[in-house]
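The structure appears right after this line, and notes come after that.
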Number of protein chains: 2
Amino acid sequence: MSKKALTREAILQQAVRSASQIGISRLTIGSLAEQSGLSKSGLFAHFGSKEALQLAVVEAAQAQFVEEVVKPAFTQPRGMVRLRALFRAWVMRLYAGNTPGGCPLLAAAYEFDDQPGAIRDALVAGQRWQRDTLQRLLQDAQDAGELAADSNIPLLAFMLFGLIQSAHHDHQLLDNHHSAQLALQGFEQLCGTAAPHTGQVDP
Amino acid sequence: MSKKALTREAILQQAVRSASQIGISRLTIGSLAEQSGLSKSGLFAHFGSKEALQLAVVEAAQAQFVEEVVKPAFTQPRGMVRLRALFRAWVMRLYAGNTPGGCPLLAAAYEFDDQPGAIRDALVAGQRWQRDTLQRLLQDAQDAGELAADSNIPLLAFMLFGLIQSAHHDHQLLDNHHSAQLALQGFEQLCGTAAPHTGQVDP
DNA sequence: CTCAAAAAAGAACGATCGTGCTATTTTGCA
DNA sequence: TGCAAAATAGCACGATCGTTCTTTTTTGAG
């Protein structure tokens with residue numbers, strides 16, 4: 001890999017860390033340069049504009065998500081095992097040390113949902129892909145007979161993503177140490193073959 | 001009400017609107033003054049510092065939530081009726097016109113979860129209160145026999161809050177017109193006495 | 001109506017930001 | 001090792017921000 005690409009990677013890795021703490025829109029060229037041991041103009045030359053830098057940060061975070069969550073899940077056999085692996089890795093990533101401020105993509109979704117532009121477009125595409133992936137694994141599990149035949153796949157994906165967000169919220173803001181466990185319990189309640197309900201009157 | 005308090009209210013109402021679109025941390029005294037028809041220093045005198053302004057915006061948004069969601073629910077009879085009223089109003093508020101950029105409190109939770117200070121403290125207190133309120137209504141419903149006796153109340157509250165966040169996400173970012181319906185369906189699946197499993201055919 | 005007090009405006013400051021331009025250092029091939 | 005090209009540093013600019021200080025306008029009680 002060329003020197004340029006190596007430096008760029010190092011910058012982006014640090015930038016994703018910072019973005020998880022202060023948000024993508026509050027990244028500054030100056031502080032990012034300082035953290036990377038570069039000058040402002042030296043760092044700037046890698047991207048050409050702040051928006052291009054922010055876009056690169058989004059893409060780096062998305063690539064990181066695929067690498068840490070999606071790819072490992074796809075090493076598991078298709079069906080409920082793979083689905084559970086995806087969800088577990090997704091949740092556990094919220095507690096990993098590489099993004100101390102939480103998931104930068106979730107935060108970015110709230111930052112840019114009302115600011116049209118390339119960054120928002122990239123976020124939308126990424127989130128749609130995440131949802132599609134989740135629904136595909138749910139469909140696979142249903143096809144394998146490991147999920148009730150009358151399951152509403154889009155609703156299930158919607159609810160599972162809600163569990164991810166709730167875990168993030170409770171962990172990052174409320175400092176709730178049980179948030180990961182709650183998310184995993186919720187998954188089993190929604191998808192598991194165990195007890196079909198915590199809280200339904202008639203099975 | 002004194003002139004000062006009236007002007008302050010008008011400023012905050014506009015500020016909450018803006019905060020829903022660009023986030024609390026990116027509010028600027030200048031643009032806020034322009035939107036309120038005041039001068040920079042005139043507006044500034046009402047708060048004394050930018051952080052005090054941001055804190056006032058958080059408190060105004062929280063008061064708005066109580067007024068529009070919690071109070072109306074408490075006009076309903078205790079139990080499942082009140083719980084459902086709370087959840088419905090909570091979801092529907094995401095689609096109301098007074099905060100075009102979505103819920104400013106949810107966005108602020110992601111903005112400030114890694115920035116210690118008075119604003120984060122106020123957000124934490126508010127979110128804890130929201131969760132406690134939700135759990136209290138769930139408990140009431142359970143006591144009334146309208147929720148399974150073995151329901152896990154903290155888990156249910158966790159999942160319901162996830163539905164809110166998922167609805168917000170799908171509406172604001174993915175422009176999913178069915179997001180409100182999905183959240184309400186999710187509520188009925190988790191708490192309702194209707195169909196015990198996820199089955200519902202999408203139109 | 002008067003006039004002191006309250007509210008708002010105006011102007012200016014230091015700091016910080018993104019960005020463009022030029023000089024300097026570093027890299028990797030001949 | 002020499003040297004063009006790539007990578008980085010240095011510097012300055014205009015803009016914008018929060019904040020302070022002073023002046024002007026507006027308010028409302030006596």
Side-chain angles (χ1 to χ4, degrees), chain A residues 1-19 21-60 108 111-112 114-120 122, chain B residues 1-19 21-60 108 111-112 114-120 122:
Chain A
M1 187 154 34
S2 72
K3 176 114 200 306
K4 183 150 203 164
L6 279 172
T7 305
R8 187 188 155 101
E9 275 313 300
I11 293 171
L12 286 178
Q13 188 169 344
Q14 178 57 48
V16 170
R17 276 185 74 90
S18 290
Q21 297 177 311
I22 63 175
I24 288 180
S25 67
R26 299 216 306 178
L27 290 173
T28 68
I29 312 263
S31 59
L32 219 47
E34 195 176 6
Q35 292 164 5
S36 305
L38 290 182
S39 66
K40 269 175 64 177
S41 53
L43 187 143
F44 183 83
H46 278 272
F47 303 96
S49 78
K50 184 179 179 181
E51 193 184 11
L53 162 65
Q54 292 173 320
L55 189 58
V57 170
V58 168
E59 286 163 356
E111 266 188 281
F112 288 92
D114 259 295
Q115 296 187 254
I119 298 175
R120 199 196 115 106
Chain B
M1 188 153 35
S2 71
K3 177 112 200 307
K4 183 150 203 165
L6 278 172
T7 306
R8 187 187 154 102
E9 276 312 301
I11 293 171
L12 285 177
Q13 188 169 344
Q14 177 58 46
V16 170
R17 275 185 75 92
S18 289
Q21 296 176 311
I22 64 174
I24 288 180
S25 68
R26 300 216 306 177
L27 290 173
T28 67
I29 311 263
S31 60
L32 219 47
E34 195 176 4
Q35 293 164 3
S36 304
L38 291 181
S39 66
K40 267 174 66 177
S41 53
L43 187 143
F44 183 85
H46 279 271
F47 302 96
S49 77
K50 184 180 178 180
E51 194 185 10
L53 162 65
Q54 291 173 319
L55 190 57
V57 170
V58 169
E59 286 162 357
E111 266 188 281
F112 288 92
D114 259 297
Q115 296 188 253
I119 297 174
R120 200 195 114 106

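Residue numbers start from 1 in every chain, and the chains themselves are labelled A, B, ... in the order their sequence lines are given, proteins ahead of strands.
Among the heavy atoms of the strands lying under 4.0 Å from Leu27(B) are primed sugar atoms or P, OP1, OP2 only; no base atom is included.
Atom CG in Leu53(B) sits roughly 13 Å away from atom C1' in dT19(D) (whole-Å rounding). Counting to the nearest Å, the P atom of dA15(C) and the CD1 atom of Ile29(B) are 19 Å from each other. Whole-Å rounding puts the Gln54(B) CD to dC17(D) P distance at 14 Å. A straight line from CD of Glu51(B) to P of dC17(D) spans 19 Å, rounded to a whole angstrom. Computed from coordinates, the Leu6(A) CG to dT27(C) C1' distance equals 13 Å when rounded to whole Å. One atom, CZ of Arg26(A), and another, C1' of dT16(C), lie 13 Å apart when rounded to the nearest Å. At whole-Å resolution of the value, CD in Glu34(A) and P in dC17(C) are 10 Å apart. In this structure, Leu32(A) atom CG and dT19(C) atom P are separated by 13 Å, rounded to whole Å.
Using a 4.5 Å heavy-atom threshold, the side chains of Ile11(A) and Phe47(A) count as touching.
Remark: Arg17(A) pairs with no residue by the side-chain hydrogen bond (donor to acceptor under 3.5 Å, both in side chains) rule, at least two apart or across chains. In this structure, Gln13(A) has no side chain to side chain contact (heavy atoms under 4.5 Å, CB included) partners at least two apart in sequence or on a different chain. With sequence neighbours left out, the side chain to side chain contact (heavy atoms under 4.5 Å, CB included) criterion links Glu59(B) to Leu55(B), Gln62(B). By the side-chain hydrogen bond (donor to acceptor under 3.5 Å, both in side chains) test, Glu111(A) pairs with Ser25(A), sequence neighbours left out.
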Encode nucleotides 7-12 of chain D as B, S and - characters from 5' to 3', where the letter depends on protein heavy atoms closer than 4.0 Å: B to the base, S only to sugar-phosphate, - to neither.
SBBB--

Taking distance alone, no hydrogens or angles, what donor-acceptor pairs closer than 3.5 Å link side-chain atoms of residues 27-35 of chain B to residues at least two apart or in another chain?
unit_1   : atom_1 : unit_2   : atom_2 : d
Thr28(B) : OG1    : Ser31(B) : N      : 3.3
Thr28(B) : OG1    : Ser31(B) : OG     : 2.6
Ser31(B) : OG     : Thr28(B) : O      : 3.4
Gln35(B) : OE1    : Gln14(B) : NE2    : 3.1
Gln35(B) : OE1    : Ser18(B) : OG     : 3.0

